[in-house]
Amino acid sequence: MMIENSRLKLSDVSKKIWFNSSAIKHLHQSGHIIGLHSHSHPNRLNQLSHEDQYREYIDNYKILNGITEERLSVAAHPTNSYNDDTFKFFKELNVIIGFRSTMEIGFDSNYEFPRIDHALLSIT
């Protein structure tokens, strides 16, 4: 309703807030590492069926691999949501490192390295 009342066009806004393939390619060519983060960013990825979770990652992989033309080897868990299936998919896709969105200690998997969620960062 807010969008309708503001007379914003979603197509115009999306061009300004979401990456397109040329922006991803530019980042990659500039030396940034491009990694997986799921295709549609479900908030509860860990509650998806095995097949739906697989589809999230394989679709994301195919798109990003097509843009970068390189094997993707890193991933970050959307909203810190993952489970044992996630790790199986990462192994199948040859992902070598994954990141949680918390800084908690006590995790020992290569797919659970801590990171600070961008929502917690402040610009000073």
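Sequential numbering from 1 along the given sequence is applied to the chain's residues. Note: hydrogens, waters and symmetry copies are ignored here, and every other heavy atom, side chains too, is used.
- Side-chain contact between Val95 and Leu36 is present, with at least one heavy-atom pair separated by less than 4.5 Å.
- Asn94 places a side-chain heavy atom less than 4.5 Å from the side chain of Arg71.
- A ring-centre distance under 6.0 Å is not found for His26 and Phe19.
- Side-chain contact between Tyr61 and His39: absent, with no pair of heavy atoms (C-beta onward) separated by less than 4.5 Å.
- In this structure, the ring of Phe90 has its center less than 6.0 angstrom from the ring center of Tyr57.
- Distance alone, capped at 3.5 Å, places no donor-acceptor pair between the Ser21 side chain and the Ile67 backbone.
- A pairwise comparison of heavy atoms in Gln53 and Asn46 identifies NE2-CA, 4.4 Å as the closest pair.
- Contact annotation: the side chain of Arg115 approaches that of Ser101 to within less than 4.5 Å [non-hydrogen atoms, C-beta and beyond].
- Between His37 and His41, a ring centre-to-centre spacing shorter than 6.0 Å is recorded.
- At least one side-chain heavy atom of Leu27 sits under 4.5 Å from a side-chain heavy atom of Ile34.
- Side-chain contact between Tyr54 and Glu92: present, with at least one pair of heavy atoms (C-beta onward) separated by less than 4.5 Å.
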Run the side-chain contact (heavy atoms from CB on, under 4.5 Å) test on Thr79 and Leu45 for me, step by step, so that the C-alpha distance in whole Å, both residues' side-chain angles and the decisive distance to 0.1 Å come before the verdict. CA-CA 8 Å; Thr79 62; Leu45 186 125; over 6 Å; no
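- Other residues, nucleotides and ligands contribute over 12 non-hydrogen atoms within 6.0 Å of the CG atom of Leu8.
- Of all non-hydrogen atoms in Glu56 and Leu48, the two that sit nearest each other are CG-CD1, 3.9 Å.
- Remark: Ile33 CD1 to Thr68 OG1 distance equals 11.5 Å, nearest 0.5 Å.
- No chain of hydrophobic side-chain contacts below 4.5 Å, direct or via other Ile, Leu, Val, Met, Phe, Trp or Tyr residues, connects Phe107 to Phe113.
- In this structure, Asn80 and Arg100 approach most closely via the heavy-atom pair OD1-CB, 3.1 Å.
- Checked against the 6.0 Å centroid threshold, Tyr82 and Phe87 count as a close aromatic pair.
- Other residues, nucleotides and ligands contribute at most 12 non-hydrogen atoms within 6.0 Å of the CG atom of Asp84.
- By the 4.5 Å heavy-atom criterion applied to side chains, Leu72 and Leu93 are not counted as neighbours.
- The two residues Ser81 and Arg44 make their nearest non-hydrogen contact at OG-C, 3.5 Å.
- At a cut-off of 3.5 Å, with distance as the only test, no side-chain donor of Ser38 or Asn60 sits close to an acceptor on the other residue.
- Rounding to the nearest 0.5 angstrom, the gap separating the NE2 atom in His77 from the CD atom in Glu112 is 6.0 Å.
- Listed by chain and number, the residues in a ring pair (Phe, Tyr, Trp, His ring centres under 6.0 Å) with His50 are Phe89 (sequence neighbours excluded).
- Between the side chain of Ser30 and the backbone N or O of His32, no donor-acceptor pair lies under 3.5 Å.
- No donor-acceptor contact under 3.5 angstrom links the side chains of Asn83 and Gln47, judged on distance only.
- In terms of the salt bridge (Lys or Arg N to Asp or Glu O under 4.0 Å) criterion, residue partners of Arg55 (sequence neighbours excluded) are, by chain and number, Asp59.
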